[in-house]
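Have a look at the structure below before the remarks.
Proteins get letters first, then strands, A, B, ... in listed order; numbering begins at 1 in each.
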Amino acid sequence: MPVAAAAARRKHPTSVGWWPVLFIGPLLAGVAVFYYYPIVANAWTSLTSSNAFGQNPEFVGVDNYAEVFASGELGSALGNTIGYTLIVLLGIPLAVLASALIALPGLRFAGLYRALFFMPYLAMPMAIAQVFRLVFNGDFGLVNQGLRALGVSTTPYWLTTPGFALLTVALFGLWASIGFNVIILSAGLKGIPVDLYEAASLDGAGPIRQFFSITVPLLTPSIFFLTIIQTINGFQLFDALFALMGWTNPALPQTRSLVYLFYHQGFIVNDKGTAAAVAMVILVLVAGVTLVQFVGQRRWVHYG
Amino acid sequence: MADPSARRRSRGPRYPWAHVLLILGALLMTFPFLWQLLMSVSTNAEIQSVPPQPIPDRLHFSNYAEVFERLPFLNQFGVSVLITVARTAGQVVLCSMAGYAFARMRFPLRNVLFIALLLILMIPSQAYIIPQYGLVQAWGLLETPWAIILPGLFSAFGTFLMRQQFMSLPIELEEAARLDGANPFQVFSRVMLPLATPGIFAVAITTVLYSWNDLLWPLIVTTREESMPLSVGIATLQGQHTTDYAVIMAASVMAMAPIFVLFMLMQRRVIEGLATSGLKG
């Protein structure tokens, strides 16, 4: 027995030594091949230009960047992306209101409401966007029929007029993001102690006062998390735009987002160099915006 | 808002104003689904009628049958199922193993490797898609499910979630198992993994949702209709010559149905899983 125990003690450290490789190796190998190498390769691609078949890349320095910036497409795509993101962010206050209402103590059907508000988050963007294409159709869509019934004489062609198209895409994005917002905020609301509300009502604070001086401040960590996530998602705008606008929409060139521009350059025009440059610009912008939000959080986020 | 004294004050229906707002909101959230369902059994003439005709004269289930003629629907459904199951299973295995090691094993460079892994979370996917495309092209995997599955197997987010999960579990059980002579893999798979089901659920739910609905990457690596998942396939239905709205609606309903059935079967766990994954991510 002592011999076996001693053997085990000797064997143990050496045998543990290689286990982490077995546990982490497969993941790290995959990450190296599919993420680390491509990130470096993309930075290199953004500095090269290849022929029409994507072969024989040649080093061209910052030419791709100069081309992308000079064309004006980047500026327009950036403007569209920011406009879209700002509208989608309006979903956060709406979700704060909805989740606070759902969390009212003893509210009936709370579970049902939460599930219904959550449904858009489950939906395949490509599939559910088809309804929005119908409802916002310029000729027979419900929205325009409603507007005409209200006496609006010239109803817009929502999806083929650039400004309206971007608005429609943003409304779709707003709708689709509410569910996730509500789930995160509901989890945040669970962490607020009930006695705070009891104390506040003993002090004579009404429900609206309690909402603004207890609920909102104590939810700021969740709200902050959501502004980060929804801003990053907003900068990644592609699915909603592609699903609503398709390939042949005349408003598309003026409605493209940064990622759509990336997709267009890289896989439609097949100019991998400029697409890689657009990708680098997206990377820097997302990193920059996220950093600014993290620096700014000290001013308004309350951690308990 | 959340006023507990209201419970004591009033009998009868509580918070009527809250219900009014919530019902309005719920209608806005669910209207597109309801409308899609109705349109999927209408005719195109009914869909395009002015004034609108929400209730069709009779139920045109033929729209559903026609989906199978217009799309290689079963192929695309199969691709969607395959990539979703493969990515989810792969992520659960790889992320839980790596997450366990990062949480509970001591080894050199542990923190450096973990931080390097987390850095991926901050990189938008566009920054690696072009070279990824080059890789799957070079390996001859374009138009195969592998092109979609492979890059989706390795997740920094899933690993982070599983590490959090394992760090929250008590260490005593593990030590007891080790004293009983179990090797690290046995400790992991028989003792710790069964306790980590909330984390596994969170990883699985996020991966299933992401995989089933993913658009950009599958759009890039598949161009033949038979090799596309449904998320891309539906795009090919619109606007070829005339747009057949009714068939598109039927196809859309069928594309979303599996996720909604899954959700209804395990609603509570899905919501809890997403809430924890969101808060920790």
Side-chain angles (χ1 to χ4, degrees), chain A residues 16 19-20 23-24 26-27 30-31 34-35 38-39 41-42 45 98 100-101 103-107 113 115-117 119-120 122-128 130-131 134 140 142 145 183-184 187 194 197-198 201 207 210-211 215 236 238-239 246 259 262 266-267 272 275-276 279 282-283 286-287, chain B residues 1-5 7 14-15 18 21-22 25-26 29-30 32-33 35-36 48 50-52 94 97-98 100-101 105 107 117 120 122-124 126-128 130-132 151 153-154 159 184 213 215-216 220 231 234-235 238-239 245 248-249 252 255-256 259-260 263 267 271 274-275 278-279:
Chain A
V16 152
W19 281 103
F23 274 73
I24 295 179
L27 181 92
V31 165
F34 285 103
Y35 296 92
I39 288 165
N42 185 80
T45 305
L101 290 176
L104 284 169
L107 182 93
Y113 284 130
L116 293 179
F117 273 79
M119 275 174 69
L122 299 170
M124 179 186 284
M126 199 71 225
I128 198 64
Q130 305 307 324
V131 180
L134 263 187
F140 57 83
L142 269 192
Q145 291 201 40
I183 293 304
I184 298 302
V194 185
Y197 293 104
E198 276 162 11
S201 44
Q210 290 182 22
F211 175 71
T215 310
Q236 303 295 307
F238 178 80
D239 293 16
V259 177
F262 162 82
F267 298 95
K272 300 281 193 277
I282 297 173
L283 171 58
V286 170
Chain B
M1 265 310 103
D3 179 1
S5 61
R7 192 183 306 219
R14 259 169 285 146
Y15 320 116
L21 286 176
L22 284 171
M29 291 299 113
T30 50
F33 298 102
W35 198 250
Q36 188 157 55
Q48 303 187 37
V50 180
L94 291 172
M97 285 180 68
Y100 175 73
M105 291 178 172
F107 53 92
L117 188 66
I120 299 175
M122 289 151 218
I123 311 272
Q126 294 79 37
Y128 41 75
I130 292 177
Q132 270 187 359
L153 290 177
F154 312 99
T159 307
N213 297 332
L215 180 65
L216 181 59
I220 288 168
S231 56
I234 288 181
Q238 63 199 24
Y245 294 104
I248 294 180
M249 294 303 132
S252 297
M256 291 192 290
I259 294 295
F260 279 88
F263 174 64
Q267 209 200 97
I271 289 180
L274 277 170
L279 280 182

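Annotation: the span from B:Met256 atom CE to A:Ile128 atom CD1 amounts to 4.0 Å, rounded to 0.5 Å. Rounding to the nearest 0.5 Å gives a distance of 7.5 Å between CD1 of A:Ile184 and CG of B:Leu274. Atom OG1 of A:Thr45 and atom CD1 of B:Ile130 lie 6.5 Å apart (nearest 0.5 Å). Rounded to the nearest 0.5 angstrom, B:Met105 CE and A:Ile24 CD1 are separated by 8.0 Å. One finds the CD atom of B:Gln48 at 8.5 Å from the CG atom of A:Leu134 (value rounded to the nearest 0.5 Å).
For a residue to count as touching a neighbouring chain, one of its non-hydrogen atoms must lie under 4.5 Å from one of that chain's; by this rule A:Gln145 touches chain B with the side chain only. Contact of A:Ala287 with chain B is not made at all, since no heavy-atom distance falls under 4.5 Å. Using a 4.5 Å cut-off between heavy atoms, B:Ile220 touches chain A through its side chain atoms alone.
Ranked by heavy-atom pairs under 4.5 Å with chain A, the first of B:Ala18, B:Gly25, B:Pro124, B:Ala101 is B:Pro124. The greatest number of non-hydrogen atom pairs below 4.5 Å with chain B, out of A:Pro26, A:Ala98, A:Ala123, A:Ala41, is found for A:Ala123. Annotation: maximal heavy-atom pairing with chain A below 4.5 Å, among B:Leu94, B:Ile120, B:Ile259, occurs at B:Ile120. The most heavy-atom pairs under 4.5 Å with chain A, out of B:Thr30, B:Ile234, B:Leu117, B:Leu216, come from B:Leu216. For chain A, the option among B:Ala26, B:Pro52, B:Ala235 with the highest count of heavy-atom pairs below 4.5 Å is B:Pro52.
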Exercise. Going through the distances and angles, do A:Leu142 and B:Trp35 end up as a side-chain contact (heavy atoms from CB on, under 4.5 Å)?
Worked result: CA-CA 11 Å; A:Leu142 269 192; B:Trp35 198 250; 3.6 Å; yes
For this session: Kindly indicate, with the supporting measurements, whether the criterion side-chain contact (heavy atoms from CB on, under 4.5 Å) is fulfilled by B:Tyr245 and A:Gln130.
Result: CA-CA 8 Å; B:Tyr245 294 104; A:Gln130 305 307 324; over 6 Å; no
For this session: Please test A:Leu101 against B:Tyr15 for side-chain contact (heavy atoms from CB on, under 4.5 Å), starting from the C-alpha separation and ending with a verdict.
Result: CA-CA 9 Å; A:Leu101 290 176; B:Tyr15 320 116; over 6 Å; no
For this session: Please assess A:Leu107 against B:Leu22 for the test side-chain contact (heavy atoms from CB on, under 4.5 Å), listing each intermediate value before the final yes or no.
Result: CA-CA 11 Å; A:Leu107 182 93; B:Leu22 284 171; 3.8 Å; yes
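Side-chain atoms of B:Gln36 come within 3.5 Å of backbone atoms of A:Ala127 as a donor-acceptor pair (strictly under, hydrogens ignored). Looking at B:Asn213, its side chain does come within 3.5 Å of a backbone N or O of A:Leu122 through a donor-acceptor pair. Counting only distance, with no hydrogens or angles, the side chain of A:Tyr35 and the backbone of B:Pro151 share a donor-acceptor pair below 3.5 Å. One N or O on the side chain of B:Gln132 and one on the backbone of A:Phe34 form a donor-acceptor pair closer than 3.5 Å.
Contact of the A:Val31 side chain with the B:Phe154 side chain is registered, since non-hydrogen atoms from C-beta on lie closer than 4.5 Å.
Partners of A:Gln236 by side-chain hydrogen bond (donor to acceptor under 3.5 Å, both in side chains), not counting sequence neighbours, listed by chain and number: B:Gln126. When the side-chain hydrogen bond (donor to acceptor under 3.5 Å, both in side chains) test is applied to A:Tyr113, the partners found at least two apart in sequence or on another chain are B:His19.
In this structure, A:Phe23 has its ring center at least 6.0 angstrom away from the ring center of B:Phe107.
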